[in-house]
Amino acid sequence: MLPDAGNPAAVAYFSMEIGLESAMPTYSGGLGVLAGDSLRAAADLGIPLAGVTLLHRKGYFRQRLDGQGRQTEAPEVWSPEQFLEPLERRVSVLIEGRQVHLRAWRYLVRGVCGHEVPVYLLDADLPGNTPADRRLTDELYGGGPENRLCQEIILGIGGDAMLRALGHTDIGTYHMNEGHSGFLTIALLEEDLGGRDADAVTEADLEAVRRRCVFTVHTPVAAGHDTYPLDLLERFLGSARSRLAARAGAVADGVFNLTHLAMAFARSANGVSMRHGQVSREMFPGHAVSAITNGVHAATWAAPAFAELFDRHLPLWRHDNLFLRYALGVPPEEIRLAHARAKEELLAAVAAVTGVKLDMDTLTVGFARRATGYKRAGLLFSDMGRLRRIVRRGGPLQVIYAGKAHPRDESGHALIEKIFAAAAALRDVVRVVYLEGHDMALARDICAGVDLWLNNPQKPLEASGTSGMKAALNGVPSLSVLDGWWIEGHIEGVTGWSIGEDWQSGSDDAAEARSLYDKLEYTVLPLFYNRPAAYTAVMRSTIALNGSYFNAQRMMSQYLRAVYDPPPAGDLPPEVAPA
Ligand SMILES: *Cc1c(COP(=O)(O)O)cnc(C)c1O
């Protein structure tokens with residue numbers, strides 16, 4: 001049956017990580033999950049699209065935490081055969097002067113009406129390669145800069161070659177999801193040049209590539225943007241291709257910047273929330289960066305209890321997430337019951353893995369995301385005395401944490417240990433559990449099963465954030481710093497509560513901790529314990545207002561109209577700043 005492009009794809013979507021299934025460890029966190037949700041929504045909407053990523057045979061890593069919260073990492077070995085179809089086609093890509101041979105495995109994402117989006121996972125583990133090259137596609141974000149650079153060459157240049165070999169020759173738009181796939185622009189340019197040298201590249205050549213590429217930037221954090229010394233680039237990419245990268249303006253002061261390469265070749269660039277669009281415009285002066293706010297794939301993230309509730313009351317919600325708006329008409333009692341079921345399931349899972357029996361009637365706070373500095377996982381524990389007083393006066397509290405620290409992120413490791421230490425210190429007042437191995441299944445259970453979703457990133461570093469959207473879909477309100485998507489999703493007392501009062505100013509740990517405590521003490525705890533019907537009303541409006549909007553179907557229909565199928569040049573929609 002091969003070569004077989006399946007549905008002809010008009011859009012190729014490139015991402016270093018894609019969360020296709022919880023048990024396929026081909027993602028590390030929000031970026032990969034977002035990529036998976038984007039493809040699931042594209043399939044729902046019938047968008048002719050194909051995804052490209054790496055196989056990651058050893059996954060991101062398996063997280064182990066000891067009694068003090070010290071994280072150790074082990075390979076997450078899995079069987080591609082169990083999930084994927086091996087394809088016969090082989091391509092090769094030149095790395096450090098060697099031909100590295102690649103194969104691809106195919107996953108089909110099936111939409112609600114049966115439309116299929118193929119995803120190709122590139123794999124260098126072939127007998128013709130050197131032992132070291134065979135491991136290049138093993139570990140997601142593993143190894144040092146050299147390994148990362150090789151992976152990026154495989155993704156961009158190898159991915160483009162594989163798409164062609166598989167018969168996807170009519171791609172109109174190449175979507176670079178984050179800068180990691182930026183080398184694909186070099187492949188496109190090279191094909192157009194047909195052997196002409198970098199010195200002969202004209203503006204028209206660059207423009208011809210630019211017409212086909214779009215770019216989504218995902219983070220204002222510097223570590224999210226890969227740079228390499230020019231000599232390293234030349235060694236691995238080769239001098240001819242490196243000169244093409246320089247010709248495009250991606251080299252400055254002897255340093256190559258992959259994000260700048262992607263940006264230079266993008267006919268459209270966008271950030272992932274309105275605020276992040278603004279921040280990105282400051283970060284990339286001279287580029288027109290618009291914004292499309294992220295969303296989550298509703299049918300993937302609704303817990304079974306809520307999916308059944310929606311099926312009963314809003315039967316078309318899977319086809320069209322806009323119907324979630326009518327959650328406003330669902331009897332509150334049914335919201336309360338569905339949530340109780342999700343909470344019971346979560347607490348049962350917590351008891352099964354930790355032995356800790358949390359209480360069904362206690363306000364349960366959730367915090368699950370990558371353990372990295374700017375997310376400030378320990379903010380809730382910055383004043384233990386105050387936290388004790390709040391609980392004594394306002395009622396009991398319990399907290400569920402999860403999240404992995406990148407193996408090389410020492411401060412991320414320390415954050416987890418700090419939470420374990422706080423949990424021990426608070427043992428008699430607030431029960432705190434930290435669950436190992438944050439994956440999509442655990443993320444869904446936590447987002448749906450807690451009573452309050454806590455998020456306190458350092459402004460303005462949360463480009464969007466998506467876990468609060470997963471919570472909202474399940475009726476769980478957020479208590480969050482005004483950054484990323486929450487600037488748009490927050491209506492005080494209707495969809496949740498803010499930490500701090502504005503989004504413009506930078507973060508102040510002490511002031512935000514005080515605001516967090518104040519909101520807990522004077523607003524959230526009294527509402528939860530004294531006015532449960534009012535709390536349920538917040539849960540319901542959270543689904544109706546935020547579930548109906550912050551979903552991936554809305555997001556992808558915006559990509560379709562504003563990015564994949566743009567209006568004629570000069571007629572682009574205005575860039576809207578948050579109010
Ligand atoms: C949704 C998700 C995230 C994203 O969390 P944020 O709070 O948006 O950073 C990270 N990891 C996993 C496993 C997720 O499912």
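Ligands are counted one by one from 1 in listed order, and the atoms in each one are counted from 1 as well. Note that these values count all heavy atoms, side chains included, but never hydrogens, waters or copies made by symmetry.
Judged by distance alone, the side chains of His175 and Thr216 do bring a donor and an acceptor atom under 3.5 Å apart. Side chain to side chain, Glu17 and Tyr141 meet the donor-acceptor criterion of an N or O pair below 3.5 Å. Between the side chains of Gln278 and Arg275, at least one donor-acceptor pair of N or O atoms lies under 3.5 Å.
Remark: minimum distance from atom 8 (O) of ligand 1 to any protein heavy atom is reached at Thr466 N, 2.6 Å. Summary of contacts: the protein heavy atom closest to atom 4 (C) of ligand 1 is Gly30 CA, 3.5 Å. The protein heavy atom nearest to atom 7 (O) of ligand 1 is Ser467 OG, 2.5 Å.
Using a 4.0 Å cutoff on heavy atoms, His438 counts as a contact of ligand 1. Heavy-atom distances between Lys375 and ligand 1 reach below 4.0 Å in at least one pair. In this structure, Trp301 counts as a contact residue of ligand 1, since one of its heavy atoms falls inside 4.0 Å of the ligand.
With sequence neighbours left out, Glu81 forms a side-chain hydrogen bond (donor to acceptor under 3.5 Å, both in side chains) with no residue at all.
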Under 3.5 Å, which donor-acceptor pairs do the side chains of residues 370-379 form with other protein atoms, sequence neighbours left out?
{"residue": "Thr372", "atom": "OG1", "partner": "Asp409", "partner atom": "OD2", "Å": "3.3"}
{"residue": "Lys375", "atom": "NZ", "partner": "Glu462", "partner atom": "OE1", "Å": "2.9"}
{"residue": "Arg376", "atom": "NE", "partner": "Asn456", "partner atom": "O", "Å": "3.0"}
{"residue": "Arg376", "atom": "NH1", "partner": "Asp509", "partner atom": "OD1", "Å": "2.6"}
{"residue": "Arg376", "atom": "NH1", "partner": "Glu512", "partner atom": "OE1", "Å": "2.9"}
{"residue": "Arg376", "atom": "NH2", "partner": "Asn456", "partner atom": "O", "Å": "3.3"}
{"residue": "Arg376", "atom": "NH2", "partner": "Pro457", "partner atom": "O", "Å": "3.0"}
{"residue": "Arg376", "atom": "NH2", "partner": "Glu512", "partner atom": "OE1", "Å": "2.4"}

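With contacts defined as side-chain heavy-atom distances shorter than 4.5 Å, the pair Thr300/Arg444 does not qualify.
Which parts of ligand 1 touch Gly465 is read off a 4.0 Å heavy-atom cut-off, strictly below it: atoms 8 (O). Remark: ligand 1 atoms within the under-4.0 Å shell around heavy atoms of Gly29 are 10 (C), 11 (N).
Electrostatic pairing of Asp138 and Arg135 does not count as a salt bridge here, judged by no charged N lying under 4.0 Å from a carboxylate O.
For ligand 1, none of its N or O atoms has an N or O atom of Asp439 under 3.5 Å away.
At a heavy-atom cutoff of 4.0 Å, ligand 1 is contacted by the side chain of Val33 but not by its backbone. When heavy-atom distances to ligand 1 are checked against a 4.0 Å cut-off, Lys470 comes that close only through its side chain, counted from C-beta outward.
Relative orientation of the His287 and Phe284 rings is perpendicular, given thresholds of 30° and 60° on the angle between their planes.
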